[in-house]
Amino acid sequence: MTQPKDTRFMDTIVSLCKRRGFVFQASEIYGGIGNTYDYGPLGVELKRRVKEAWWTRMVTLRDDMVGLDSAIIQNPKTWETSGHVAGFTDPMVDCKKCKGRFRADKLADASCPERPSKRPGECGGELTEARAFNLMFKTNVGAVEGAGSIAYLRPETAQGIFLNFKNVLESSRQTPPFGIAQIGKSFRNEITPGNFVFRTREFEQAEMEFFIPPAQNDQWYEYWRKERHSWYTDFGIDPTKLRMREHAKDELAHYSTGCTDVEYEYPFGWGELEGIACRTDFDLKRHSEASGKDLRYFDPETKEKYFPWVIEPAAGVDRTALTFLIDAYDEEEVEGEKRVVLHLHPEIAPVTVGVLPLVKKEGMPEKAHAIESELRRARLTTFYDESAAIGRRYRRLDEVGTPFCVTIDGDTMKDDSVTVRHRDTMLQDRVKRAELVPFLQEAIRGWKRPVKKG
Ligand code: GAP
């Protein structure tokens, strides 16, 4: 695989996303709203696949995991207790001249709004002293606005899991070690969002809290570090672009015994894709103290009551979808022309099978529609296309990462066989219609990431 090496690579991804309907600027017709995005028809499928791949591996295939879908707006005491009201802040500075606001610890990554080629403060303006800016969005609940009605949009899904620990324990018959997984929207009033959907103010998280006996902390931390790394590589992410960055002692929260970021080498540098944190018993203990409810677990074997410790793998869905797009992007020359292709894992690709009648006559469209229905009934996502020359149609589907195309031609009309064209190799197989579904299912199971050329 070869990718453009220059800084315009992100522009290429952004423009592909807009052109092919992955991601649009939100409220575009009104001029947008700072770094907020909507997902189009292909983007929504991509994100759905990412979430499904996460949920299947984290919940469906395990017997020590259950799911949860907790509210976005919780009792505000949640966030006082978790420490978010007092401490979920970034240091912020203002430029006295251009009135721009920047994260004091990320000045090197920001640009002056008046002179985008300059860094903050280089427009001749003086920067204020840094002050703490809370990232939580405030809102009012109920018909009366006032101090008593203030609530927050959750800045992480994790706290909803802690609040429900006892409910899940009592209703699911799980016992430590076990996990509660949740996927949902979170909100942070980021001072400087950026790099497309990498950092936005509204985003989806896929988080899991794994509750364990305290003595098993190290063993489960190591387990989840390995498991989460292999999730990315099993779904085709280039392992040479992934690294596990262990936090230094002075980076850790005071209650934490360890934290590792799964980082990816983006076109704009290394960035955090996911954090795997040892949270000890901090959250359950704090919520227990603040609510007066006993959130300890009673171990019937040892007759001991204790607060389970927690290992937390916390990923960003939008960031993961973006990473899959960037990592899969490839340009190559085929017959003197540039072929753009996304080598997405077939279980991540938004469309699995393109269905293409060779010509728009001789009964081929009708046959193609019938075959498409069979594929859909087998839960394969399809896209029917009968316009333009077959080579062009292949290219259009390559560009959005469709791993297989099924072509219906003159022979299909005689012997009910079709051509299956593979996106990565561009090789073709002739397959009997009756064997098409198992053939594609086998090809999905056996998919391997193409080897890098340069
Ligand atoms: N409960 C722990 C927690 O929320 P985090 O590192 O702040 O940890 C977890 O967030 C993941 O959520 C990050 O690794 C990232 O993938 C994603 N994330 C965080 N802030 C984000 C933002 N502003 N935009 C997009 N994704 C974000």
Side-chain angles (χ1 to χ4, degrees), residues 23 26 34-37 39 43 47 50-51 54 58 68 70 72 74 78-79 81-84 87-90 103 106 109 133-137 152-163 165 179-210 224-225 228-229 231-232 237 242-247 251-253 255-256 258-264 266 268 270-280 282-284 286-287 310-326:
V23 182
N35 283 85
T36 306
Y37 297 93
Y39 286 81
K47 240 171 88 157
V50 168
K51 289 185 273 188
W54 188 89
M58 297 292 274
L68 183 78
S70 67
I72 285 171
Q74 298 280 356
T78 306
W79 310 108
T81 308
S82 65
H84 284 82
F88 194 56
T89 57
D90 276 338
R103 255 178 81 164
K106 298 265 183 215
D109 301 337
F133 175 78
N134 196 297
L135 301 185
M136 279 198 299
F137 279 101
Y152 303 93
L153 304 190
R154 68 179 173 200
E156 60 171 22
T157 63
Q159 294 303 322
I161 297 179
F162 296 123
L163 300 188
F165 170 69
I180 306 178
Q182 164 153 244
I183 298 179
K185 286 244 169 158
S186 291
F187 303 83
R188 296 183 189 178
N189 197 3
E190 301 278 0
I191 301 166
T192 37
N195 286 322
F196 196 34
V197 295
F198 181 82
R199 179 170 287 107
T200 50
R201 296 193 169 106
E202 174 181 337
F203 54 96
E204 268 186 291
Q205 288 186 307
E207 296 199 285
M208 190 277 286
E209 310 300 319
F210 202 69
W224 282 111
R225 280 163 38 105
R228 291 305 304 149
H229 184 275
W231 184 83
Y232 292 104
I237 297 287
L242 274 184
R243 72 180 183 196
M244 303 296 275
R245 191 181 73 78
E246 179 99 41
H247 285 208
E251 277 181 273
L252 294 176
Y255 53 81
S256 176
C259 186
T260 300
D261 285 346
V262 184
E263 292 190 338
Y264 182 81
Y266 295 96
F268 46 85
W270 287 95
E272 176 192 331
L273 188 49
E274 165 164 355
I276 300 148
C278 302
R279 291 183 81 122
T280 64
F282 176 77
D283 304 87
L284 285 181
R286 294 270 299 227
H287 285 304
V310 166
I311 308 293
E312 176 198 68
V317 175
D318 310 75
R319 227 174 249 194
T320 305
L322 174 68
T323 309
F324 276 119
L325 284 177
I326 289 172

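Counting convention: from 1, in listed order, for ligands and their atoms alike.
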Enumerate the atoms of ligand 1 whose separation from the nearest heavy atom of E207 is less than 4.0 angstrom. 1 (N), 2 (C), 3 (C), 4 (O)
Do E207 and T157 have a side chain donor and acceptor closer than 3.5 Å? yes
Report the nearest protein non-hydrogen atom to atom 11 (C) of ligand 1: residue, atom name, distance rounded to 0.1 Å. A314 O, 3.7 Å
Quick test: of every protein heavy atom, which one is nearest to atom 24 (N) of ligand 1, and how far off is it to 0.1 Å? T200 N, 3.0 Å
Do side-chain atoms of N35 reach the backbone of T200 as a donor and acceptor pair under 3.5 angstrom? no
To the nearest 0.5 Å, tell me how far N189 CG sits from D90 CG. 10.5 Å
Euclidean distance, E312 CD relative to E274 CD, rounded to 0.5 Å: 9.5 Å
For ligand 1, the portion of E312 having any non-hydrogen atom under 4.0 Å away: side chain
Looking only at non-hydrogen atoms, which of E274, E204, E272, R199 approaches atom 13 (C) of ligand 1 most closely? E272
Enumerated ligand 1 atoms positioned under 4.0 Å from heavy atoms of R279: 1 (N), 2 (C)
May I ask you to say whether R245 pairs ionically with E251, meaning some side-chain N is under 4.0 Å from a carboxylate O? yes
As an exercise, state the distance from CE of M136 to NE2 of H84, rounded to the nearest 0.5 Å. 7.0 Å
Going by the angle between their ring planes, with limits at 30° and 60°, are F187 and F137 parallel, tilted or perpendicular? perpendicular
What protein heavy atom is closest to atom 18 (N) of ligand 1, reported as residue, atom name and distance in Å? F203 CE1, 3.6 Å
Y266-Y264 aromatic ring centre distance below 6.0 Å: yes
Looking only at distances, can you tell me whether any N or O atom of Q205, backbone or side chain, sits closer than 3.5 Å to an N or O atom of ligand 1? yes
Residue, atom name and distance, where the atom is the protein heavy atom closest to atom 25 (C) of ligand 1: F198 O, 3.1 Å
Quick check: G316 and ligand 1, any N/O pair under 3.5 Å apart? yes
So is there a nitrogen or oxygen of L273 less than 3.5 Å from a nitrogen or oxygen in ligand 1? yes
Nearest non-hydrogen protein atom, atom 15 (C) of ligand 1: R319 NH1, 3.4 Å
Heavy-atom distance to atom 7 (O) of ligand 1: which of R188, E209, E156 wins? R188
Do D283 and Y255 pair up side chain to side chain, a donor and an acceptor below 3.5 Å, judged on atom types alone? no
A student checking ligand 1 against A158 at a 4.0 Å heavy-atom cut-off should list atoms 1 (N)
